[in-house]
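As the structure is a computational prediction, the values presented were derived from the model and not from experiment. In what follows, chains are A, B, ... by sequence order, proteins preceding strands, each numbered from 1.
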Amino acid sequence: MGTATATMKHPTLTGERMLVVQLLTGSSTADGEPVIVFDRLGARRGDRVLVTNDGRALQELLGATTPGRWSVMGIPDLGSGEGEALP
Amino acid sequence: MRIGEIIGRVTLSRSVPEIKGGRLLLTRPLPFAALAQGAPDRGEDLVLYDELGAGAGAIVAISEGREAANPFGKVKTPIDAYCACLFDSIDVDPDVTLEPPTSSRKGSRNR
(Lines give C-alpha, C1' and ligand atoms only; values in the text may rest on other atoms or scores of the structure.)
Protein backbone atom coordinates (compact mmCIF):
# COMPACT_ATOMS: atom_id res chain seq x y z
CA MET A 1 0.00 0.00 0.00
CA GLY A 2 3.05 2.26 0.21
CA THR A 3 6.74 2.69 1.00
CA ALA A 4 8.64 3.84 4.08
CA THR A 5 11.99 5.49 4.59
CA ALA A 6 14.08 5.83 7.73
CA THR A 7 17.59 7.18 8.24
CA MET A 8 17.67 6.15 11.90
CA LYS A 9 17.35 2.37 11.88
CA HIS A 10 19.05 -0.86 12.77
CA PRO A 11 22.35 -1.10 10.80
CA THR A 12 21.37 -4.37 9.09
CA LEU A 13 18.48 -2.53 7.39
CA THR A 14 20.66 0.03 5.64
CA GLY A 15 19.95 0.31 1.93
CA GLU A 16 16.99 -2.06 2.04
CA ARG A 17 13.74 -1.05 0.37
CA MET A 18 10.84 -1.02 2.82
CA LEU A 19 7.25 -1.52 1.71
CA VAL A 20 4.10 -0.94 3.76
CA VAL A 21 1.94 -4.00 3.15
CA GLN A 22 -1.58 -4.79 4.33
CA LEU A 23 -1.86 -8.56 4.71
CA LEU A 24 -5.08 -9.96 3.30
CA THR A 25 -7.42 -12.76 4.31
CA GLY A 26 -8.76 -15.18 1.73
CA SER A 27 -11.70 -12.88 1.12
CA SER A 28 -9.44 -9.86 0.59
CA THR A 29 -10.23 -8.17 3.89
CA ALA A 30 -7.47 -6.68 6.05
CA ASP A 31 -5.70 -9.18 8.30
CA GLY A 32 -4.19 -7.39 11.29
CA GLU A 33 -2.25 -4.14 11.09
CA PRO A 34 -0.05 -3.30 8.06
CA VAL A 35 3.54 -4.48 8.31
CA ILE A 36 6.91 -3.41 6.94
CA VAL A 37 8.12 -5.83 4.28
CA PHE A 38 11.64 -5.84 2.83
CA ASP A 39 11.63 -5.93 -0.95
CA ARG A 40 14.44 -6.78 -3.34
CA LEU A 41 12.15 -7.71 -6.24
CA GLY A 42 10.96 -4.23 -7.08
CA ALA A 43 7.28 -4.42 -6.24
CA ARG A 44 5.37 -1.36 -7.35
CA ARG A 45 2.70 0.46 -5.36
CA GLY A 46 -0.69 -1.20 -5.61
CA ASP A 47 0.93 -4.54 -6.46
CA ARG A 48 -0.29 -7.67 -4.72
CA VAL A 49 2.84 -9.36 -3.37
CA LEU A 50 3.61 -12.80 -2.01
CA VAL A 51 5.38 -12.30 1.32
CA THR A 52 7.07 -14.63 3.78
CA ASN A 53 7.48 -14.23 7.52
CA ASP A 54 10.43 -16.56 7.59
CA GLY A 55 12.82 -14.43 9.66
CA ARG A 56 15.66 -16.85 8.94
CA ALA A 57 15.49 -16.06 5.23
CA LEU A 58 15.94 -12.40 6.05
CA GLN A 59 18.73 -13.18 8.49
CA GLU A 60 20.62 -14.90 5.69
CA LEU A 61 20.17 -11.83 3.50
CA LEU A 62 20.75 -9.08 6.05
CA GLY A 63 22.66 -10.70 8.88
CA ALA A 64 21.83 -12.63 12.03
CA THR A 65 21.04 -9.57 14.15
CA THR A 66 18.39 -8.14 11.83
CA PRO A 67 15.09 -7.24 13.54
CA GLY A 68 13.23 -7.62 10.24
CA ARG A 69 10.85 -10.52 9.58
CA TRP A 70 8.67 -10.09 6.45
CA SER A 71 10.13 -10.08 2.95
CA VAL A 72 8.74 -10.23 -0.59
CA MET A 73 9.29 -13.65 -2.14
CA GLY A 74 7.24 -13.19 -5.26
CA ILE A 75 5.06 -10.83 -7.28
CA PRO A 76 2.16 -12.89 -8.67
CA ASP A 77 1.08 -12.20 -12.22
CA LEU A 78 -2.62 -11.72 -11.46
CA GLY A 79 -3.48 -10.78 -15.01
CA SER A 80 -7.04 -9.48 -15.35
CA GLY A 81 -8.86 -10.98 -12.36
CA GLU A 82 -7.76 -11.15 -8.78
CA GLY A 83 -6.68 -14.74 -9.33
CA GLU A 84 -9.41 -17.36 -9.59
CA ALA A 85 -10.74 -18.62 -6.29
CA LEU A 86 -9.95 -22.32 -5.93
CA PRO A 87 -13.05 -24.49 -6.22
CA MET B 1 7.23 -5.41 11.89
CA ARG B 2 4.13 -3.35 12.58
CA ILE B 3 4.17 0.45 12.44
CA GLY B 4 3.59 2.25 15.73
CA GLU B 5 3.20 5.72 17.19
CA ILE B 6 5.17 6.49 20.36
CA ILE B 7 2.79 7.75 23.02
CA GLY B 8 4.88 7.66 26.15
CA ARG B 9 7.73 6.25 28.15
CA VAL B 10 8.15 3.65 30.85
CA THR B 11 10.75 4.14 33.56
CA LEU B 12 11.84 1.26 35.80
CA SER B 13 13.15 1.55 39.31
CA ARG B 14 14.87 -1.84 38.99
CA SER B 15 15.35 -4.17 36.03
CA VAL B 16 17.42 -7.07 34.78
CA PRO B 17 20.87 -5.90 33.62
CA GLU B 18 20.36 -6.99 29.98
CA ILE B 19 17.90 -4.19 29.28
CA LYS B 20 19.90 -1.41 30.87
CA GLY B 21 21.23 -0.10 27.54
CA GLY B 22 18.02 1.22 25.96
CA ARG B 23 14.80 2.99 26.92
CA LEU B 24 11.33 1.52 27.23
CA LEU B 25 8.68 3.40 25.29
CA LEU B 26 4.92 2.93 25.04
CA THR B 27 3.66 2.57 21.48
CA ARG B 28 0.34 1.91 19.68
CA PRO B 29 0.29 0.15 16.31
CA LEU B 30 -1.30 1.94 13.35
CA PRO B 31 -4.08 0.01 11.59
CA PHE B 32 -4.87 0.28 7.87
CA ALA B 33 -7.35 3.14 8.35
CA ALA B 34 -4.75 5.19 10.25
CA LEU B 35 -2.10 4.76 7.55
CA ALA B 36 -4.39 5.08 4.53
CA GLN B 37 -6.87 7.72 5.70
CA GLY B 38 -5.13 9.29 8.70
CA ALA B 39 -7.84 7.93 11.00
CA PRO B 40 -7.16 8.32 14.73
CA ASP B 41 -7.74 4.64 15.60
CA ARG B 42 -4.80 2.67 17.00
CA GLY B 43 -4.13 -0.93 17.99
CA GLU B 44 -3.46 -2.24 21.49
CA ASP B 45 -0.53 -0.49 23.17
CA LEU B 46 2.69 -2.30 24.01
CA VAL B 47 6.09 -1.52 25.53
CA LEU B 48 8.98 -1.21 23.10
CA TYR B 49 12.75 -1.35 23.69
CA ASP B 50 14.35 1.64 21.94
CA GLU B 51 17.98 2.48 21.20
CA LEU B 52 17.30 5.05 18.47
CA GLY B 53 15.98 7.81 20.70
CA ALA B 54 12.39 7.98 19.49
CA GLY B 55 10.43 10.81 21.04
CA ALA B 56 6.71 11.07 21.75
CA GLY B 57 4.70 11.19 18.52
CA ALA B 58 7.47 9.50 16.50
CA ILE B 59 6.42 6.80 14.02
CA VAL B 60 8.51 3.66 14.42
CA ALA B 61 8.81 0.04 13.27
CA ILE B 62 7.94 -2.50 15.98
CA SER B 63 9.94 -5.70 15.60
CA GLU B 64 8.21 -8.45 17.63
CA GLY B 65 8.64 -12.02 18.73
CA ARG B 66 11.85 -13.87 17.93
CA GLU B 67 13.09 -11.12 15.62
CA ALA B 68 12.91 -8.62 18.49
CA ALA B 69 15.66 -10.56 20.26
CA ASN B 70 17.91 -10.81 17.18
CA PRO B 71 19.71 -7.48 17.74
CA PHE B 72 20.95 -8.80 21.06
CA GLY B 73 22.72 -11.70 19.40
CA LYS B 74 23.73 -14.44 21.82
CA VAL B 75 22.87 -12.39 24.91
CA LYS B 76 19.57 -13.76 26.26
CA THR B 77 17.40 -10.64 26.60
CA PRO B 78 13.79 -10.55 27.83
CA ILE B 79 12.65 -8.22 25.03
CA ASP B 80 9.75 -9.03 22.71
CA ALA B 81 9.26 -5.65 21.03
CA TYR B 82 12.22 -3.76 19.60
CA CYS B 83 12.25 -0.37 17.83
CA ALA B 84 13.89 -1.18 14.50
CA CYS B 85 13.34 2.10 12.58
CA LEU B 86 12.53 5.72 13.25
CA PHE B 87 10.58 6.61 10.12
CA ASP B 88 11.28 9.82 8.20
CA SER B 89 8.31 9.22 5.92
CA ILE B 90 5.54 6.73 5.32
CA ASP B 91 4.26 7.31 1.81
CA VAL B 92 0.89 5.58 1.33
CA ASP B 93 -0.90 5.23 -1.98
CA PRO B 94 -3.80 7.75 -1.59
CA ASP B 95 -6.32 5.71 -3.52
CA VAL B 96 -5.58 2.33 -1.93
CA THR B 97 -9.06 1.00 -1.32
CA LEU B 98 -9.65 -1.84 1.08
CA GLU B 99 -12.55 -2.07 3.41
CA PRO B 100 -11.30 -1.73 6.99
CA PRO B 101 -10.99 -4.97 9.02
CA THR B 102 -14.48 -6.11 10.07
CA SER B 103 -13.56 -7.71 13.43
CA SER B 104 -11.46 -5.51 15.70
CA ARG B 105 -8.20 -7.43 16.01
CA LYS B 106 -6.91 -6.66 19.48
CA GLY B 107 -3.27 -7.41 18.74
CA SER B 108 -4.13 -11.10 18.64
CA ARG B 109 -1.78 -11.73 15.75
CA ASN B 110 1.91 -11.54 16.58
CA ARG B 111 3.52 -9.72 13.65
>> I'd like to know if the side chain of B:Glu67 pairs up with that of B:Tyr82 as donor and acceptor (distance under 3.5 Å, no hydrogens or angles considered).
In response: no
> Which pairs, with at least one residue in residues 15-25 of chain B and sequence neighbours excluded, count as a salt bridge (Lys or Arg N to Asp or Glu O under 4.0 Å)?
Replying inline: B:Arg23-B:Asp50
>> Please rank A:Thr3, A:Thr5, A:Thr65 by heavy-atom pairs under 4.5 Å with chain B and give me the top one.
In response: A:Thr5
> By a 4.5 Å heavy-atom criterion (distance strictly below it), what part of B:Ala36 contacts chain A: side chain, backbone, both, or neither?
Replying inline: both
>> Between A:Pro67, A:Gly68, A:Gly2, who has the most heavy-atom pairs with chain B when the cutoff is under 4.5 Å?
In response: A:Pro67
> Going by heavy atoms in the side chains, are A:Ile75 and A:Arg44 under 4.5 Å from each other?
Replying inline: no
> For A:Leu23, which of A:Val51, A:Asn53, A:Val37 qualifies under side chain to side chain contact (heavy atoms under 4.5 Å, CB included)?
Replying inline: A:Val51
> Is it the backbone or the side chain of B:Leu52 that comes under 4.5 Å from a heavy atom of chain A, or both, or neither?
Replying inline: both
> So what's closer than 4.5 Å to chain A heavy atoms on B:Ala68: side chain, backbone, both or neither?
Replying inline: neither
> Does a side-chain heavy-atom distance below 4.5 Å link B:Glu5 with B:Leu30?
Replying inline: yes
> Contact part of A:Leu13 toward chain B, heavy-atom cut-off under 4.5 Å: side chain, backbone, both or neither?
Replying inline: side chain
